[in-house]
Amino acid sequence: MVIPVAAPTRLAPEERAAVREAVLAVVDAQQWVLGPSVARFERELAAYVGGGEVVGTGNGSDALCLALASLGVPPGSRVLVPPNDSGFAGQAARAVGLEPVVHDVDPVTMGPTVELLSAALVPGTAAVVVTHLHGDPLDLVAIDAWRSAEGLLLVEDCAQAHGARPDGRHVGRTGDAATFSFYPTKNLAAVGDGGALLLHDPATAERARSLREYGWGERGSVDHPRGRNSRLDELQAAVLSARLPHLDRRNARRRALLDRYRKALHGSATRVHGDPVAGVAHHAVVLDARRDALREHLHRAGVGTAVHYPHLTGEMRGIAPRGGRTAVADRQRHEKLTLPCFPELTDDEVEAVVAALEAWRDAS
Ligand SMILES: *Cc1c(COP(=O)(O)O)cnc(C)c1O
């Protein structure tokens with residue numbers, strides 16, 4: 001038996017019971033689309049992140065599309081996107097008629113800096129999407145000042161960072177919009193697909209609500225050409241409401257696991273990524289120039305691993321005028337390895353991962 005990197009259907013008994021109850025309640029309530037469960041979850045998530053308006057969507061990719069569209073990023077304009085998010089932001093940009101331009105990343109944070117964003121900035125750029133990758137919140141103070149000076153809209157992709165509160169403030173409150181995914185492996189997860197966007201301006205939120213339902217307006221008009229159908233289901237919303245109260249406890253467990261791995265690898269050449277305090281350890285990522293040997297070692301010890309993410313930024317480069325300068329991201333693509341890290345890992349499994357890491361440390 002290989003220890004899995006993620007096991008989204010393994011729920012603690014208490015949480016499984018809450019999910020089952022939520023699903024049955026929706027079946028009995030007999031309203032399945034845009035009903036009270038969606039409205040309730042939107043309110044609860046907004047309260048959890050500290051204010052603003054939440055608009056539920058079909059998934060996290062659509063949330064990115066709807067964020068860019070509802071903010072009015074002009075069709076044909078360019079959007080700076082990360083080179084290492086496996087293309088989530090770039091694909092969303094393209095889907096709403098925008099041209100993604102990749103930038104390189106800082107080797108330690110794996111995220112953007114003002115310098116790197118400036119280097120990638122091309123004429124016609126209207127927005128920046130930043131991603132709190134692997135559950136590690138970015139420091140956006142300098143980037144926010146820079147993008148305001150440049151007149152750029154800012155979208156925060158929080159699909160891997162639910163519950164991250166650097167400085168006590170939840171991620172997603174700096175940008176003009178923030179997006180979430182509730183795909184089953186995410187820190188806050190549905191039992192299928194789901195997503196949401198967080199907006200601070202009521203008029204923009206109103207536009208997003210229209211855009212997620214065909215672009216319909218109030219009096220039977222079709223108001224927005226970028227309208228689509230991307231609704232959060234009642235079933236998924238009810239499940240998310242049932243699971244939200246478990247999020248902080250589950251994140252604490254993720255953080256503790258990452259901390260165990262960090263200690264196990266202390267003194268080795270393998271670097272453990274992530275802020276041990278502010279992060280929410282969506283992925284337990286380590287970096288090693290001998291990544292494939294480490295992966296083989298762990299595999300022999302029955303420890304599953306993954307690479308987040310192996311995808312080339314090359315395809316983006318083809319259409320990005322100044323893309324291609326992503327040396328750090330390209331190098332890290334060959335050094336990164338994700339270890340099993342989810343709250344329902346058993347103590348025996350954790351000990352097995354730790355023992356395998358210690359053996360690697362002692363042998364290298
Ligand atoms: C999962 C994810 C997405 C996409 O979400 P879906 O719900 O799968 O469409 C976007 N961005 C990031 C950072 C993600 O992790």
Side-chain angles (χ1 to χ4, degrees), residues 1-12 84-86 105-111 131-137 160-164 184-187 189 248-311 328-364:
M1 268 297 283
V2 174
I3 299 168
V5 172
T9 60
R10 240 199 239 185
L11 298 185
N84 55 355
D85 73 338
S86 83
V105 294
D106 177 85
V108 174
T109 68
M110 295 186 187
T131 302
H132 300 285
L133 200 65
H134 307 312
D136 213 36
Q160 303 189 357
H162 324 71
T185 56
K186 309 293 183 183
N187 291 38
D248 288 339
R249 177 182 50 78
R250 294 179 86 246
N251 279 345
R253 168 81 172 154
R254 285 177 182 272
R255 256 194 301 266
L257 294 175
L258 187 59
D259 198 46
R260 283 295 306 275
Y261 302 161
R262 182 174 280 110
K263 289 193 173 96
L265 287 167
H266 186 74
S268 86
T270 310
R271 176 160 80 79
V272 179
H273 174 72
D275 184 321
V277 180
V280 289
H282 173 64
H283 295 135
V285 172
V286 300
L287 293 106
D288 195 311
R290 297 173 58 221
R291 190 267 310 274
D292 293 341
L294 171 59
R295 189 169 203 187
E296 181 55 33
H297 164 84
L298 291 170
H299 182 74
R300 278 198 305 272
V303 177
T305 58
V307 175
H308 293 104
Y309 292 95
H311 310 109
V328 172
D330 289 351
R331 190 188 73 227
Q332 290 190 335
R333 199 163 62 80
H334 299 285
E335 296 179 346
K336 288 168 84 170
L337 193 65
T338 303
L339 308 175
C341 185
F342 56 94
E344 295 79 16
L345 271 177
T346 67
D347 290 343
D348 285 351
E349 287 173 325
V350 176
E351 294 317 317
V353 177
V354 167
L357 293 175
E358 286 172 348
W360 169 260
R361 176 198 65 198
D362 294 343
S364 59

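Positions are given from 1 along the sequence. Given the structure is predicted, the values throughout are model-derived calculations rather than measurements.
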Exam field: side chain Arg254 to backbone Cys341, donor-acceptor pair closer than 3.5 Å: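 Yes: the side chain of Arg254 pairs with the backbone of Cys341.
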
Heavy-atom donor-acceptor pair, Asp136 side chain to Asp275 backbone, under 3.5 Å: yes

[X] side chain near [Y] side chain, heavy-atom distance below 4.5 Å:
{"X": "Pro343", "Y": "Arg249", "value": "no"}
{"X": "Arg290", "Y": "Ser364", "value": "yes"}
{"X": "Gln160", "Y": "His132", "value": "no"}

Between [X] and [Y], does at least one N-O distance fall below 4.0 Å, as a salt bridge requires?
{"X": "Glu351", "Y": "Arg260", "answer": "yes"}
{"X": "Glu344", "Y": "Arg250", "answer": "yes"}
{"X": "Asp259", "Y": "Arg255", "answer": "no"}

Where [X] and [Y] come nearest, the two heavy atoms and their spacing:
{"X": "Asn251", "Y": "Gly163", "answer": "ND2-CA, 3.8 Å"}
{"X": "Pro8", "Y": "Leu11", "answer": "O-CD2, 3.9 Å"}
{"X": "Pro4", "Y": "Leu345", "answer": "O-CD2, 4.4 Å"}
{"X": "Arg253", "Y": "Val350", "answer": "NH2-CG2, 3.8 Å"}
{"X": "Ala356", "Y": "His297", "answer": "O-NE2, 2.7 Å"}
{"X": "His273", "Y": "Leu258", "answer": "O-CD2, 3.8 Å"}

Side chain to side chain donor-acceptor pair (under 3.5 Å): pairs with one or both residues in residues 353-363, sequence neighbours excluded: Thr270-Trp360

Trace of the side chain to side chain contact (heavy atoms under 4.5 Å, CB included) decision for Asp288 with Leu337: CA-CA 8 Å; Asp288 195 311; Leu337 193 65; over 6 Å; no

Distance from [X] atom [atom1] to [Y] atom [atom2], nearest 0.5 Å?
{"X": "Asp292", "Y": "His299", "atom1": "CG", "atom2": "NE2", "value": "13.0 Å"}
{"X": "Leu133", "Y": "His283", "atom1": "CG", "atom2": "NE2", "value": "8.0 Å"}
{"X": "Leu357", "Y": "Ser268", "atom1": "CG", "atom2": "OG", "value": "8.5 Å"}
{"X": "Leu294", "Y": "Leu287", "atom1": "CG", "atom2": "CG", "value": "10.5 Å"}
{"X": "Leu339", "Y": "Leu257", "atom1": "CG", "atom2": "CG", "value": "10.5 Å"}
{"X": "Ile3", "Y": "Thr305", "atom1": "CD1", "atom2": "OG1", "value": "11.5 Å"}

Mutual orientation of the aromatic rings belonging to His134 and Tyr309 [parallel < 30°, tilted 30-60°, perpendicular > 60°]: parallel

Of Gln332, Arg271, Met110, the residue whose pairing with Val285 passes side chain to side chain contact (heavy atoms under 4.5 Å, CB included): Met110

Crowding at NE2, His334 (>12 non-hydrogen neighbours, <6.0 Å):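 Atom NE2 in His334 is packed in, count exceeds 12.
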
